[in-house]
There are 2 protein chains.
Amino acid sequence: MVTEDLVRAFDDAGFRLTGARQSVIDLILSRNGAFTTADLVDDARRRRLPAARATIFRTLEVLEQLKVVERLDLPNGSHSYIRCGSGHHHHVVCRRCARSVDLGDCGMSAVAAEVAQRTGFRIDLHRVEMFGLCPSCQTVVPT
Amino acid sequence: MVTEDLVRAFDDAGFRLTGARQSVIDLILSRNGAFTTADLVDDARRRRLPAARATIFRTLEVLEQLKVVERLDLPNGSHSYIRCGSGHHHHVVCRRCARSVDLGDCGMSAVAAEVAQRTGFRIDLHRVEMFGLCPSCQTVVPT
DNA sequence: GTTTTTGCAAACCATTTGCAGGGTC
DNA sequence: GACCCTGCAAATGGTTTGCAAAAAC
């Protein structure tokens with residue numbers, strides 16, 4: 001059960017397992033791809049779960065530190081969050097349904113190493129995000 | 001002269017070549033790496049160039065459409081702009097001095113193609129940003 | 001002259017914060 | 001009981017917008 005992973009990560013790190021936090025985790029698990037803070041706020045209100053806006057933000061912050069959630073910068077400038085395992089990896093996100101797939105390293109470490117070599121930069125961090133249409137959305141919106 | 005590139009791009013696209021816009025272009029060219037809107041606002045005030053905050057934002061927006069400036073999302077969540085040529089490419093940015101180097105495609109199209117193959121996604125867009133220390137900043141800040 | 005652009009200030013919107021009350025260990 | 005967490009509402013900070021005056025063509 002995935003819930004447990006998040007819950008365990010939570011109190012292993014010494015955070016209290018409160019009702020509000022469980023609600024947020026629940027909300028996140030109820031979505032399957034990338035989601036925005038506004039999505040969670042709306043879901044919470046709709047499902048009458050106890051989780052104020054500020055708490056949602058604070059909980060996401062914690063989850064981000066725990067590396068079970070990651071924040072993405074969408075091409076249009078807005079932000080999204082996505083649930084994911086730890087370890088170095090990247091995502092491809094469907095621009096229509098927000099479903100996402102974890103890509104692992106997908107060869108980027110090698111690319112980064114080559115770039116470091118070529119430019120003389122010491123590269124500490126690289127970010128890769130890919131956007132497009134997932135298989136099922138391709139059939140719906142052929143463009 | 002680089003100024004001309006920006007200026008020409010500007011009126012080729014049917015925009016008026018105003019004093020304020022020339023100031024913004026001038027400000028951008030006076031910086032050599034990535035810069036923030038706040039940088040430009042400060043520079044403008046300091047140099048007494050006519051360019052109000054709103055105009056700076058509006059001009060950057062135009063320059064972005066003209067593909068001579070690109071907006072970057074920094075790892076800390078803030079934004080930066082960078083001057084660059086058109087065509088598909090990525091950057092490596094020094095986290096200390098903001099100097100940046102254009103990386104061209106750097107093998108990413110191939111990576112994207114492989115990911116498309118593997119996941120079934122149709123990939124329309126990918127973004128890559130690398131951060132680290134440029135050669136000269138490495139000598140200053142060894143860490 | 002007509003149309004675009006500017007500047008200013010106000011509006012916006014997502015996110016953060018202060019603080020008093022409530023919940024958890 | 002001590003400390004952590006929550007909710008609310010207010011503050012924030014970057015970005016956008018409305019509008020009348022000014023500049024460009």
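The figures that follow rest on heavy atoms only: side chains count, while hydrogens, waters and symmetry mates do not. By convention in this document, chain letters (A, B, ...) are assigned in the order of the sequence lines, proteins followed by strands, and residues within each chain are numbered from 1. This is a predicted model, so every value here is computed, not measured.
End-to-end axis angle of the helix from dG1(C)-dC25(D) to dC25(C)-dG1(D), using five pairs per end and rounding to 10°, comes to 30°.
In this structure, Leu60(B) and Arg71(B) have side chains that are not in contact, with every pair of non-hydrogen atoms separated by 4.5 Å or more. Thr37(B) is not listed as a side-chain neighbour of His79(B), based on a closest heavy-atom distance of 4.5 Å or more. Residues Ser100(A) and Glu129(A) form no side-chain contact, since every pair of their non-hydrogen atoms from C-beta on lies 4.5 Å or further apart. Between Ser80(B) and Phe35(B), every side-chain heavy-atom pair lies at or beyond the 4.5 Å cut-off. At a threshold of 4.5 Å between non-hydrogen side-chain atoms, the residues Asp26(A) and Arg47(A) count as touching.
His89(A) meets the side chain to side chain donor-acceptor pair (under 3.5 Å) test with Glu70(A), His91(A); sequence neighbours excluded.
Partner of Arg83(A) under the side-chain contact (heavy atoms from CB on, under 4.5 Å) criterion, chosen from Leu29(A), Asp102(A), Ile25(A): Leu29(A).
In plain terms, the two heavy atoms of Cys106(B) and Val115(A) that are nearest each other are CB-CG2, 4.3 Å. Taking every heavy atom of both residues into account, Phe131(B) and Leu74(B) meet most closely at CE2-CD2, 3.8 Å.
Open room surrounds CZ on Arg53(B); 12 or fewer heavy atoms of other groups in view lie less than 6.0 Å from it.
Salt-bridge formation is detected for the pair Asp73(A)/Arg127(A): a Lys NZ or Arg NE/NH1/NH2 atom is positioned less than 4.0 Å from an Asp or Glu carboxylate oxygen.
By the 30° and 60° cut-offs, the orientation of the rings of His126(B) relative to His88(B) is perpendicular.
For the atom pair CD1 (Ile123(A)) and CD (Gln117(A)), the distance works out to 10.5 Å, reported to the nearest 0.5 Å. Residue Arg96(A) holds its CZ atom at 11.5 Å from CD of Gln138(A), rounded to the nearest 0.5 Å.
Near DNA chain C, defined here as any heavy-atom distance below 4.0 Å, the residues from residues 58-82 of chain B are Arg58(B), listed numerically. Contacts between residues 50-57 of chain A and DNA chain C, defined by a heavy-atom separation under 4.0 Å, are made by Arg53(A), Ala54(A), Phe57(A). Within residues 13-24 of chain A, the residues having any heavy atom under 4.0 Å from DNA chain D are, by residue number, Phe15(A), Arg16(A), Thr18(A), Ala20(A), Arg21(A).
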side-chain contact (heavy atoms from CB on, under 4.5 Å) between Leu66(B) and Asp12(B), intermediate numbers included = CA-CA 10 Å; Leu66(B) 298 179; Asp12(B) 280 0; over 6 Å; no
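Along DNA chain C, the stretch of nucleotides lying under 4.0 Å from any heavy atom of chain A spans, 5' to 3', dT15(C) to dC25(C).
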